Amino acid sequence: MRILVVEDEKRLAAQLVDMLKMAGYAVDTVADGEEGWFLGDTEPYDAVILDLGLPQMDGITILRKWRAAGRGTPVLVLTARGSWHDKVTGLDAGADDYLAKPFQPEELLARLRALVRRSAGQASPEIACGGVVLDTNAAKVTVNGQAVALTSHEFRVLAYLMHHKGRVVPRSELTEHVYAQDFDRDSNTIEVFIGRLRRKLGIDIIRTVRGLGYKVDEPE
Amino acid sequence: MRQSASLRLRLILGAAAWIAVALLAGGIVLMELFQNHVERQLRTEVANHLEQLLAGLEAAPDGSVDVIRPLSDPRFHKPYSGLYWQVDAPDQAGLLRSRSLWDFVLSLPADELNFTEWHWHPVVGPSGQSLLAMERSVDLPAAGRLRVSAAIDVADMEAVTTSFGRILALSFAALGCGLLAAAAAPVVLALRPLRRMRRALAHIRSGSASRLEGDFPLEIQPLIDDLNALLAHDAAMIERARVQAGNLAHGLKTPLAILANEASALERRGSGDEAEVIRQEVARMQAQVDYQLAQARAAAARQLPGARCKLVACVDGVRRALVRLHAERNLIIEMTIPEDAYFRGQREDCEEIFGNLLDNACKWAGSRVAVTGRVKGEQLSVTIDDDGPGLSADQRVAVFERGRRLDEAVPGSGLGLSIVRDLVEIYRGEIHLIESPLGGLRVELLLPAARSGAAGVLDHKA
């Protein structure tokens, strides 16, 4: 899953990136509003963490522009403006969640997970498919109860496919949601990850749909 | 009202004084003139009678005098009629008298007259009345110097004068009242715009208007415009203060957030104790910042009369926010608030009060939160119910203590409820916690209501 962090305070941004990477996300960060708006408008993210007090373009303006343009990416507003008036304004502008600074890191991660899950249509924190259970809260994968060790990239690929369980995900989409922007992408590596996943899981839940992409579904 | 009344009173009393003085002086002058005129008339009459008498007076060669032609006025023949004549010889007063004198003799004072002079004397009449006598000296051959006089009762003259005086007094009194009314009317009319202005100001204080509305005369309109500009300026200043408070928040909270994150990182690296210290102190600083901001916001609210917001719009905004914030829970938030309920205060404060209370209700609720409001005279009565576990009587008291969290498991700053309590206090409202018929907690709120009237510059653009 790929997250965009729009935050102008560098140290905080760095802390957020660390936090999110440790939780298994691919993260892009940007420090000014206009760039943030542009990235959110053009790149596919699973969620955006948006500060409001940004240079070049205010967070509320960014949010309104995204929504007006039809971008439905879940946005969690993370801001010092914590009054209820600000919350109502932010949520009315199109935010999906609103967290005031300072915040508990655990709370931020939990809310982010819930956002990502909800937007993918997954109501429960646990996504199961044919014996494979993805616990989004703990960021762990089990197969028939047994824990499976995955690299961060493998985890991301599996998590994305399982969030979109039952849907064919084109390889390009998978690539976009698994790598951060500045990562050197090689189109073959997705196949490598899929191969490794199949081996580690042991259960055939990842299907290749020729010419279209990959899909996670119940084993036949 | 006192100042305005004394100004009016002063103007009216001043006019009354001037009118009284003028009418008094005029009345005196008129009385004088009238009296003189009446007296002159009387004297002319007496003079005529005397002329007639003199013309009819003749002396016989033996020295006796007689009136050969009687005087025409019948009053001379009627006893004690009030009109008399008398001829005095040098050695005998009352030698000849009119029949009206009967047996009374007028006693003229000693006087030296030249032949052509007329003299006037007040004399006493037969029945003790005051008379005005006119005399003349004539020298008749053989008779000597005679004093010839005619006298008339002044009582009539006095009666006429008195009657005139009374009529004059009455009519001048009426005139005076009329003049006073005419003087008072413009004063009252001129001051009426001031009273209208006071009423317009009262509307602003009560919250049903946020600028002075109405037509005012040319002289007052600049004042009205200035006042409205001042009110708008105040509103702008409050706004600026809020923005500054918001900047302060941004300035402090981000560093606090960074510190909180470092605390987490420290904890992960194994320095749990240090991490806990940092986390606690960060929480204290955060609470202070929140508290100061809430105070500044509330203090600003008190300065601004005439601010108001539509309650249903405000609570609905909060409700929409909560639906998203608690999206996982699938809560039902019911709202029953009349359209004409207006909160007399800033929208931000209204949202802060209901945001905290409804957020709390949502956190604890099983599945349902209900908000009902109604207008009770000068107040809004709002009730918030949830179907959660509720609070015991002791807990209900404890919950308002600053920073006190009843259940660590439910995330959120315990400061929220004390912010609500402080805001409610500043708005001179009331808040009570009791058991809810839904099973959980009921919050009863009493807040100042604004009258639903014409919108003004201070209304939140809903």
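Values below: all heavy atoms of this structure, side chains included; hydrogens, waters and symmetry mates excluded. In this text, all values refer to a predicted model and were calculated from it rather than measured experimentally.
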**Complete:** One should read off an interatomic distance between Glu352(B) CD and His85(A) NE2, to the nearest 0.5 angstrom, of 10.5 Å

**Asked** Which residue out of Asp96(A), Val88(A), Leu78(A), Asp18(A) racks up the most heavy-atom pairs below 4.5 Å with chain B?
**Response** Val88(A)

**Prompt:** Under 4.5 Å between any side-chain heavy atoms of Leu322(B) and Trp84(A), yes or no?
**Reply:** yes

**Request:** Mind checking the CG-NZ spacing from Leu256(B) to Lys101(A)? Nearest 0.5 Å is all I need.
**Result:** 11.0 Å

**Prompt:** Would you say the side chain of Arg111(A) lies within less than 4.5 Å of the side chain of Leu325(B), judging by non-hydrogen atoms?
**Reply:** yes

**Message:** For Asp97(A), is there an ion pair with Arg324(B) - N to carboxylate O distance below 4.0 angstrom?
**Reply:** no

**Item:** Heavy-atom side-chain contact between Asn261(B) and Met19(A) under 4.5 Å
**Value:** yes

**Request:** Would you please test Leu91(A) and Arg320(B) for side-chain contact (heavy atoms from CB on, under 4.5 Å) and show each step?
**Result:** CA-CA 8 Å; Leu91(A) 289 159; Arg320(B) 283 197 305 272; over 6 Å; no

**Which of Ala265(B), Gly317(B), Ala260(B) touches chain A most, by non-hydrogen pairs under 4.5 Å** = Gly317(B)

**Asked** With a 4.5 angstrom heavy-atom cut-off, which part of Arg279(B) approaches chain A: side chain, backbone, both or neither?
**Response** side chain

**Message:** Atom CZ of residue position Arg11(A) - does it have more than 12 heavy atoms of other residues, nucleotides or ligands inside 6.0 Å?
**Reply:** no

**Item:** Portion of Ala95(A) that has a non-hydrogen atom of chain B nearer than 4.5 angstrom
**Value:** backbone

**Asked** Hey, is NZ on Lys165(A) packed in by over 12 heavy atoms from elsewhere, all under 6.0 Å?
**Response** yes

**Request:** Could you tell me the separation between the OG atom of Ser264(B) and the CD atom of Glu106(A), rounded to the nearest 0.5 Å?
**Result:** 5.0 Å

**Request:** Answer yes when Arg118(A) and Glu328(B) have at least one side-chain N-carboxylate O distance shorter than 4.0 Å, and no when they do not.
**Result:** yes

**Message:** Do Arg268(B) and Met22(A) make a side-chain contact, defined as non-hydrogen atoms from C-beta onward lying under 4.5 Å apart?
**Reply:** yes

**Item:** Glu9(A) (side chain) donor-acceptor with Thr254(B) (main chain) under 3.5 angstrom
**Value:** no

